[in-house]
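Reading through the structure tokens given below for one structure.
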Amino acid sequence: MKANSFNEWSRLREAIVGTSAGYEAHELELSFRLFFNDVAHSSFFYPSITARGPLDAADSRRDLNHRYVEELAEDVEGLAQALASAGVVVHRPEALPPGARFSTPHWEATMIPALNVRDQTIVVGDEIIETAPQVRARQLEGDLLKPVLSRYFREGSRWTSMPRPRMLDASFDTSYVSGHATPAIEDVGESTDGSPDAFEIMLDGAQAVRFGKDILVNVSTANHLLGAEWLKRHLEGRFRVQIMHRFADNHIDSLVLPLRPGLLLLRNPAVADRLPAPLQAWDRIYAPTPSEVNFPVYGDDDVIISSPYIDMNVLSVDEDTVVANSLFPELISELERNGFDVIPVRHRHRRLFGGGFHCFTLDTVRDGGLEDYFGYVDWGL
Ligand SMILES: NC(=[NH2+])NCCC[C@H](N)C(=O)O
């Protein structure tokens, strides 16, 4: 059937679950370091990207521990099976071909698998929008989804791509990073010549959270703002795009996720205080604060690319049922205390691969239609 998805909580009927097959390494080049800057400098117990100091070109490739990749594959298959057991039709991307090195006239990179399929796609109603990538290794990742997206197109979905960025050094607005005066700035360096005209549209699907007619989008760079403006113009008359500025570095699905109309799962009270006015009126469940005992112990060679809050990145199967990480039992207990049924699925290496269950999935078909939960109120953004 064609795509039909307006929110994060209605009964899930079909979803794409990512795959980790073929994941070999992270390439810590400019776009990667800009994107993961905040996580790289989070101080939660583990070595971060900068653990071994400034990068030289030879050091930019960080091979992944094969055991972790294999264990991740087991856990992703567990997610796919759990969703199938819950009655969800599960689609999968193509596996990454071996040694998927590619080049443009300006740079070269090695593709990574379509694991975090939430990141570069937004489904709004019957339309699947491929967003504009911001990490070079991901520029062609959408190709791995083409067979599935083509099928949705043939079944009547609208299918759109945002302009593909060339991702030159000068394309990137580095002000979010430089404004932080973090160690990253020495490593990343000033990559732009300061000419805003050089900036390109870049925006991830995971910077948006859907509330029916209102789509909340986080923007922290000029690239993101161009992307949000593109989305606003494209959806004009059908959806309202509500733009938040620097709510986070980029993705917001480990800070705020609606579990049903009127109820939010939030990282903590500090996040609640920064929500736009209409969402302040919604009830909220706070995720428990994670501790290091919730995570495996990693070493200096393991690159951490997710915060310790990644386990609140849950997937709703319906308004009463949530898929959550069995290795964060405190969150499961909190959700159950609030009346939710939880489908526990193991996810061991969520800090090494950038995503949780919401990231690993794209909810292409949910029940319901276009609901307007807020009317034409001012979001004060
Ligand atoms: N769709 C995604 N990949 N979202 C993941 C958000 C991860 C977030 N930067 C964190 O570290 O908590």
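Numbers here simply count residues along the sequence, with the first being 1. All values below were derived from every heavy atom in this structure, side-chain atoms included, with hydrogens, water molecules and symmetry-related copies excluded.
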Closest heavy-atom pair, Leu145 versus Thr121, reported as atoms and distance to 0.1 Å, is CD1-OG1, 4.1 Å
Taking every heavy atom of Val148 against every heavy atom of His91, the minimum-distance pair comes out as CG1-CB, 3.9 Å
- Task: Examine the side chains of Tyr152 and Arg154 and answer whether a donor and an acceptor come within less than 3.5 Å of each other.
- Result: no
For Ile243 and Val219, the nearest pair of non-hydrogen atoms, with its separation, is CG2-CG2, 3.6 Å
**Prompt:** Does the cation-pi check pass for Arg246 over Tyr176, that is, NZ or CZ under 6.0 Å from the six-membered ring centre and within 45° of its axis?
**Reply:** no
Note: Val39 and Ile304 closest approach over all heavy atoms is CG1-O, 3.9 Å
Worksheet item: Quick one: do Glu127 and Arg238 make a salt bridge, cutoff under 4.0 Å?
Response: yes
Heavy-atom nearest pair, Ser316 first then Trp9, reads CB-CA, 3.9 Å
Does OH in Tyr68 sit with more than 12 non-hydrogen atoms of other residues, nucleotides or ligands closer than 6.0 Å?
yes
To the nearest 0.5 Å, atom OG1 of Thr364 lies from atom CD1 of Ile16 at 5.5 Å
* Is any side-chain heavy atom of Ile201 closer than 4.5 Å to a side-chain heavy atom of Asn223? -> no
When rounded to the nearest 0.5 Å, the distance separating CG of Asn325 from CG of Leu327 is 4.5 Å
Practice item. Test salt bridge (Lys or Arg N to Asp or Glu O under 4.0 Å) on Arg210 and Glu8 and set out the steps. Key: CA-CA 6 Å; Arg210 299 162 301 163; Glu8 311 294 339; 3.0 Å; yes
Heavy-atom closest pair (Asp173 atom, Ala222 atom, distance to 0.1 Å) is OD2-N, 2.7 Å
Margin query: Hydrogens and angles aside, do Arg350 and Ser306 bring a side-chain donor and acceptor to less than 3.5 Å of each other?
Written below: no
Using a 6.0 Å distance limit plus a 45 degree cone around the ring axis, check whether Arg240 lies over the aromatic ring of Tyr376. yes
- [ ] Measure the acute angle between the ring planes of His26 and Tyr23, then classify it against the limits of 30° and 60° as parallel, tilted or perpendicular.
- [x] perpendicular
Exercise for review: Can you establish whether the number of heavy atoms outside Tyr373 located under 6.0 Å from its atom OH is more than 12?
Suggested key: yes
Rounded to the nearest 0.5 Å, the CH2 atom of Trp159 sits from the CG atom of Asp126 at a distance of 14.5 Å
### Message
Run Ser31 and Arg136 through side chain to side chain donor-acceptor pair (under 3.5 Å) and show every step you take.
### Response
CA-CA 6 Å; Ser31 68; Arg136 285 167 171 160; 4.7 Å; no
Here the ring pair (Phe, Tyr, Trp, His ring centres under 6.0 Å) pairs for residues 250-285, sequence neighbours left out, are Phe35-His251, Phe211-Trp282, Trp282-Phe374
- [ ] Would you confirm whether the ring centroid of His349 sits within less than 6.0 angstrom of the ring centroid of Phe295?
- [x] no
Discussion item. Given 3.5 Å as the limit, does a donor-acceptor pair link the side chain of His234 with the main chain of Glu229, or not?
Written reply: no
Quick note, side chain to side chain donor-acceptor pair (under 3.5 Å) partners involving residues 76-88, not counting sequence neighbours, are Glu77-Arg92
Looking just at side-chain N and O atoms, do Gln242 and Asp214 make a donor-acceptor pair shorter than 3.5 Å?
yes
Pairing of Lys2 and Glu14 as salt bridge, 4.0 angstrom limit | no
Report yes or no: do Glu200 and Gln134 form a side-chain donor-acceptor pair below 3.5 Å?
-> no
| Looking only at atom types and distance, does a side-chain atom of Asn218 sit under 3.5 Å from a main-chain N or O of Ala248, one as donor and one as acceptor? | yes
Taken to the nearest 0.5 Å, the spacing of Ile122 CD1 from Leu203 CG works out to 6.0 Å
Worksheet item: Salt bridge or not for Glu29 and Arg33, using N-O below 4.0 Å?
Response: no
Charged N to carboxylate O under 4.0 angstrom, Arg118 versus Asp253? no
One should read off an interatomic distance between Asp341 CG and Thr321 OG1, to the nearest 0.5 angstrom, of 5.0 Å
Applied to residues 256-277, the salt bridge (Lys or Arg N to Asp or Glu O under 4.0 Å) test, sequence neighbours excluded, yields Arg260-Asp320
Is the CZ atom of Arg67 crowded by more than 12 outside heavy atoms at less than 6.0 Å?
yes
- Task: Would you kindly say whether Ser103 and Glu108 are connected by a side-chain donor-acceptor distance under 3.5 Å?
- Result: no
- Query: Should we count CZ of Arg11 as having more than 12 external heavy atoms under 6.0 Å?
  - Reply: yes
Does Glu74 pair with Arg346 as a salt bridge, N-O distance under 4.0 Å? yes
Counting C-beta onward and ignoring hydrogens, is there a side-chain heavy-atom pair between Ser175 and Thr221 closer than 4.5 Å? no
Rounding to 0.5 Å, atoms OG (Ser333) and CZ (Phe328) come to a distance of 10.0 Å
Distance-only polar pair, side chains of Glu24 and His66, donor-acceptor under 3.5 Å | no
**OP:** Give the C-alpha distance, both sets of side-chain angles, the deciding distance and a yes or no for salt bridge (Lys or Arg N to Asp or Glu O under 4.0 Å) between Arg151 and Glu155.
**Re:** CA-CA 6 Å; Arg151 188 183 315 139; Glu155 290 170 358; 5.3 Å; no
Next on the checklist: Under 4.0 Å between a side-chain nitrogen and a carboxylate oxygen: does that hold for Glu371 and Lys213?
Outcome noted: no
Check this for me, if you would: do Asp367 and Arg13 make a salt bridge, where the nitrogen-to-carboxylate-oxygen distance has to be below 4.0 angstrom? yes
Worksheet item: Centres of the Phe360 and Phe353 rings: under 6.0 Å?
Response: no
Glu334/Arg337 salt bridge by N-O under 4.0 Å criterion
yes
